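Data block below; observations after.
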There are 2 protein chains.
Amino acid sequence: MIQLKNITKDYTRGAEKVHALGGVDLSIDRGEFISIVGPSGSGKTTLLHILGCLDRPTGGTMTIDGQTVGDLPESALVRLRRKKIGFVFQQFHLIPGLSVFDNISLPLLFSRNGNGKGENRDRIMSLIGMVGLERRARHHPNQLSGGEMQRVAVARAMVNDPEIIFADEPTGNLDTANSEKIFRLLESLHTKGLSIVMVTHNPDLAGRAGRIVTLRDGRIVSPPAGRQY
Amino acid sequence: MIQLKNITKDYTRGAEKVHALGGVDLSIDRGEFISIVGPSGSGKTTLLHILGCLDRPTGGTMTIDGQTVGDLPESALVRLRRKKIGFVFQQFHLIPGLSVFDNISLPLLFSRNGNGKGENRDRIMSLIGMVGLERRARHHPNQLSGGEMQRVAVARAMVNDPEIIFADEPTGNLDTANSEKIFRLLESLHTKGLSIVMVTHNPDLAGRAGRIVTLRDGRIVSPPAGRQY
Ligand SMILES: Nc1ncnc2c1ncn2[C@@H]1O[C@H](COP(=O)(O)OP(=O)(O)OP(=O)(O)O)[C@@H](O)[C@H]1O
Ligand SMILES: Nc1ncnc2c1ncn2[C@@H]1O[C@H](COP(=O)(O)OP(=O)(O)OP(=O)(O)O)[C@@H](O)[C@H]1O
Ligand SMILES: [Mg+2]
Ligand SMILES: [Mg+2]
């Protein structure tokens, strides 16, 4: 489904260059559930944003279903992102002026059938219930706890029925019970056929994915036997 | 040192009232290391902000070293915050236009001896080393990973030699190794005499504090035997 070959990503700051990713090879098949682990600063968010077509690599090639992404025009990438990809950001990126309900329904503006939040009301309410935010549907982001904001971000990534969900630390601000709830939500979507790529610092959750990919200093490494990273 | 009696906090949204805290009694002695745990939305951040004099309760009384905080003028509270308290925010709140070094040194503008970052350069660099950010000192927040931003927030809370540190999920965005590093940093400050109040979703770290305070629906509860929450 997604193939990365020798992917590099450099950030240039004046004279200094940060090699965030240095030659990453990775294949993700349709229907996989992958966790990406590694120390803080090892390049997980950078890798996820490239996989989710939110950022372009500095070098290397990426193909999606056989098509080279580098050759695609921006408009085709945008269409991909909107219809096929759901993304949970590490910093949530909720819209301040909108309610929880409206934040979650935002991707529907771009949905396949063009239906807005009106026709999809039941589905949005059901997602809100699944992440445990029924009593916060009308709240704005600045009226939410850290974990509540995170759960809105998770619900928003699912509302458009994507084919693949990229989740950057979806439980980092959650207690054990809520982390379990969110993880099981991802598992149930996986059972329905979605591909899931989840960055996590939680070793237990990482171990419950189908496969663990370990990053260190911008490269994929094999974890030592018996240890995640 | 800090005494809370029947502390309540309500948020009013139009006709709706959210009872974030409902009658909290809590005593924190000088030199204690306390962890606050509880489900997402249970009121931990709200409680921490009241303890750290960043927010006023709706009802109840709070005393610090015998003095009733409600009677203090805003200027006295500001002085308290700047000289005695270090705070790690759940959402970091770093200043976008400033480097890591300058972000960490910000509280020094208000320090007891009035020394700025110039005289304190060695101390700031040492803190930067302790949180593992030596190669990121000149970066700006938008050039940092989630965990790197969190570590800047931790270092900033320590730079002013506070008497008490309030840390709201200081390891939520960190891998195991970095979480351990940050926790041991807090432990070493505790050994030197600082009081530490740490909100955490990490049961292992919570268990290594001197005492665990458990919140549920805005109230303090006793955890069932053998379980944190
Ligand atoms: N300005 C506000 N208006 C209305 N409700 C609010 C406001 N701020 C917070 N709340 C609500 O108060 C409750 C407690 O919030 P708080 O941030 O203290 O929770 P928390 O225990 O820190 O949660 P988390 O673990 O997710 O960070 C939450 O349910 C939240 O929705
Ligand atoms: N715009 C930028 N300019 C310079 N360096 C950057 C920029 N963005 C990220 N970096 C650096 O690239 C490295 C990788 O960042 P990334 O966000 O991918 O890490 P991460 O593995 O997600 O970390 P964490 O677990 O802390 O979230 C980090 O060391 C970071 O400082
Ligand atoms: Mg990251
Ligand atoms: Mg909180």
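Treat the numbers as computed from the prediction; the structure is a model and nothing was measured. Letters go in sequence order (proteins before strands), and every chain restarts at 1. Any value given below was found using the heavy atoms of this structure, including those in side chains, with hydrogens, waters and symmetry copies removed.
- Contacts between B:Asn178 and chain A at a heavy-atom distance below 4.5 Å involve the side chain alone, from C-beta outward.
- Between A:Thr45 and B:Ser145, the closest side-chain pair of non-hydrogen atoms is not below 4.5 Å.
- Taking B:Arg136, B:His140, B:His139, B:Glu169 one by one and counting their heavy-atom pairs under 4.5 Å with chain A, the maximum is reached by B:His139.
- For residues 146-155 of chain B, the interface with chain A (any heavy-atom pair closer than 4.5 Å) comprises B:Gly146, B:Gly147, B:Glu148, B:Met149, B:Arg151, sorted by residue number.
- With contacts defined as side-chain heavy-atom distances shorter than 4.5 Å, the pair A:Ser40/B:Asn173 does not qualify.
- Using a 4.5 Å heavy-atom cutoff, the side chains of B:Val18 and A:Arg135 are not in contact.
- With chain A as partner, the option from B:Ala20, B:Ser42, B:Gly41 having the largest number of non-hydrogen pairs under 4.5 angstrom is B:Gly41.
- Atom CG of B:Asp25 is surrounded by more than 12 heavy atoms from other residues, nucleotides or ligands within 6.0 Å.
- The only option from B:Asn202, B:Thr176, B:Asp175 that meets the side-chain contact (heavy atoms from CB on, under 4.5 Å) definition with A:His201 turns out to be B:Asp175.
- The backbone N or O of B:Gln143 lies less than 3.5 Å from no partner atom in the side chain of A:Arg13, so there is not a single donor-acceptor pair.
- Looking at B:Arg138, both its backbone and its side chain come within 4.5 Å of chain A, counting heavy atoms on both sides.
- Contact annotation: the side chain of A:Phe92 approaches that of B:Gln91 to within less than 4.5 Å [non-hydrogen atoms, C-beta and beyond].
- The stretch residues 34-61 of chain A participates, sequence neighbours left out, in these salt bridge (charged side-chain N to carboxylate O under 4.0 Å, His left out) pairs: A:Lys9-A:Asp55, A:Arg56-A:Glu74.
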